[in-house]
Amino acid sequence: MKKVLIYDVKEFRSIKEIFENSAEEFGERDAFVIKHKDGKKVSYENITYEKLLREINSLGTALIDAGYKDKKIAIIGKNRYEWVLAFAAILGGVGTAVPLDKGLPEDEIEMSLKKSKAEVIFCEATYLDTVKNIMLKEETSLKKIICMDVLDRTSNIREFIEKGEELIEEGDRRFIDAEIDLDEVASIVFTSGTTALSKAVMLTQRNIISNINSMNKVERMYETDTNIAFLPFHHTFGSTGILLFLSKGARNVFCDGLRHVQENLKEYKVTVFVCVPLLLEAMHKKIEAGVEKKGKTKLIKFAKSLSKALLKIGIDVRRKLFKEILYEFGGELRFIVCGASPLDKKVAEAFNNFGILTIQGYGLTETSPVLAAESINAIKYGSVGYPLPNVEIEISESNEEGIGEIIAKGPNVMLGYYEDEEATKEVLIDGWYHTGDLGYKDKDGVIFITGRKKNVIVLKNGKNVYPEEIEVLVNNLPYVAESMVYGEPKDDDLLVSVKIVYDKDYVKEKYGDLSEDELRDIIWQDIKQINTKLPKYKYMKKLIITDEPMIKTTTQKVKRNAEMNKMKEGN
């Protein structure tokens, strides 16, 4: 395996510099395309890089003028242009950004606001009533709501931008010339999970910008790219990701929702897609089902063999051979980045075989977020690639298989958890961040993740079972929408068990009307077949099936504890 290519690229000193550089270098190019719907009528608004910088400067100036310098400012809403404007202005010289998960219930949003001590919030109209209710209780530090939408009798972001424009015309340069301390807290980001258990991660501007610079050194993004902003911005993977694409002058568009991803890929001729495994695996299953339905399975298999043989002699015909499949993604998709949880290596290989560069990355909120990633010349299926150029990764207290806790050091590692010194000391030890993830390095130094330390099923005989490894195999079954492998207490040991959410539509089309017992028998036979590929101590011995989706985070990771509690309660 070749070592990662390190590209010679411009390094940015601050997030503000990204926007200033892009306005200068890509001024008239589109930074964003915004879709507007009025009944059945659809129109598109193009925001250039020049306009983007102008509006960031105006918003930042108005926020400082309103007295919000050095304040904690929350943001809640779906991925949209105004979200980016608010985030960029806050980090560009105003204060500390506090992105909030829009999927949380009111009491947990309130808890996040309490923990962060945010005094101002940028709020989408959808969540206005929720935020007003919280503010009326007067149990948070919240004093001001700025709506992202223009509504009657509500302070909104457009008013602030217009005010800022006036101030700048009058010579106000408080925001434009603001000094930025790269080592002060720039953003407080909550980890996944219920707010009572989630931690408030303190990220500095140096943390975030170092991650963007490192990613630019190993991955290739271009000003001709169109990126679909799919991952939620309140998650560091989403917010750092959009800054990365803006640093390269790419065109950015928004997804209409999970069900509309493929039509949006076609609509905007998307070239780059950052997503999570669950979605990519579902898309792959859809492709396979379509190929099988058309009776082209053997033809596709032959085409893959042919393209692989030609690649060995330097001839790449993949995008021509698989033109029909590529059209399902708009025909222009060239690059997929997958993270948040393990991607089935069969799926990664399939997309690469079609001519779409598909890589895995690994990181956490606490590391801004990326620690390691594959790249165009360094792909090893099943791995998460090499550490980024400025990141050190070691395996701590490894067992006889070389598996241990992944620990990391680098300028992207957080300051700590906000007002939680004890929790910070538990994970930051001698400058090393202890991730809680288990994995190993192969002889080339490539990182492989085996699972979360807290998820490992430790059997009475001392053997360790890593649920995530088995789930990848289970999820490969065509009718499986998602799965969870866990340890079911039995006597004084644990029974390796699996819960499967099946795809109702697929089952009906493939098998017709079946009783649940009949379907269970079919699935159980497939589970037994998977068991034959595993060591005996990893055999799945209990099966639960359902068509009800599991409880998940907004990055589509299963909340294991919540699911376990749900099963205990018999729901």
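Counting begins at 1 with the first residue of the sequence. Values below: all heavy atoms of this structure, side chains included; hydrogens, waters and symmetry mates excluded.
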Query raised in the report: Under 3.5 Å, is there a donor-acceptor pair between the N412 and T367 side chains?
Result: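 Their side chains do not contain a donor-acceptor pair, so the 3.5 Å distance test is not met.
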
Query raised in the report: Are side-chain N/O atoms of E281 and H284 paired as donor and acceptor at under 3.5 Å?
Result: no

Has [X] got more than 12 heavy atoms of other residues, nucleotides or ligands less than 6.0 Å from its [atom1]?
| X | atom1 | result |
| --- | --- | --- |
| E324 | CD | no |
| K286 | NZ | no |
| Q262 | CD | yes |
| K304 | NZ | yes |
| Y7 | OH | yes |

Report summary line: Residues at least two apart in sequence or cross-chain that pass salt bridge (Lys or Arg N to Asp or Glu O under 4.0 Å) with E219, listed by chain then number, are none

Are [X] and [Y] packed together at the side-chain level, in the sense that at least one heavy-atom pair is separated by less than 4.5 angstrom?
| X | Y | answer |
| --- | --- | --- |
| F190 | L104 | no |
| L63 | F122 | yes |
| D444 | Y386 | yes |
| V384 | F448 | no |
| I447 | S383 | no |
| Y381 | N352 | yes |
| D547 | V501 | no |
| I449 | I406 | yes |

Using the side-chain hydrogen bond (donor to acceptor under 3.5 Å, both in side chains) criterion, which residues pair with [X]? Sequence neighbours excluded.
| X | result |
| --- | --- |
| D129 | none |
| N227 | N252 |
| E159 | N156 |

Could you tell me whether a side-chain N or O of [X] sits under 3.5 Å from a main-chain N or O of [Y], the two making a donor and an acceptor?
| X | Y | value |
| --- | --- | --- |
| N21 | F12 | no |
| D101 | G103 | yes |
| D38 | K41 | no |

Query raised in the report: For the residue pair Y506 and Y511, does the interplanar ring angle fall in the parallel (under 30°), tilted (30 to 60°) or perpendicular (over 60°) class?
Result: perpendicular

Query raised in the report: Would you call the rings of F354 and F351 parallel, tilted or perpendicular, where under 30° means parallel and over 60° means perpendicular?
Result: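 The arrangement is perpendicular - the two ring planes meet at more than 60°.
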
**Report entry** Non-hydrogen atoms of T450 and G439 that approach each other most closely
**Finding:** OG1-N, 3.7 Å

What donor-acceptor contacts under 3.5 angstrom involve side-chain atoms of residues 46-55, with partners at least two apart or in another chain?
| unit_1 | atom_1 | unit_2 | atom_2 | d |
| --- | --- | --- | --- | --- |
| T48 | OG1 | K51 | N | 3.1 |
| Y49 | OH | A250 | N | 3.1 |
| Y49 | OH | A250 | O | 2.5 |
| E55 | OE1 | Y81 | OH | 2.8 |
| E55 | OE1 | R158 | NH2 | 3.1 |
| E55 | OE2 | R158 | NH1 | 2.9 |

Report task. I would like to know whether I356 and F273 meet side-chain contact (heavy atoms from CB on, under 4.5 Å); could you show each step before the answer? Result -> CA-CA 10 Å; I356 301 172; F273 185 26; over 6 Å; no

Requested in this report: Establish, yes or no, whether the cationic atom of K16 lies under 6.0 Å from the six-membered ring centre of F175 and within 45° of the ring axis.
Outcome: yes

Requested in this report: Tell me, with the steps shown, if T204 and N207 meet side chain to side chain donor-acceptor pair (under 3.5 Å).
Outcome: CA-CA 5 Å; T204 67; N207 293 154; 3.2 Å; yes

Donor-acceptor contacts under 3.5 Å from residues 328-337 side chains, at least two apart:
| unit_1 | atom_1 | unit_2 | atom_2 | d |
| --- | --- | --- | --- | --- |
| R334 | NE | D225 | OD1 | 3.0 |
| R334 | NH2 | R220 | O | 2.7 |
| R334 | NH2 | D225 | OD2 | 2.7 |

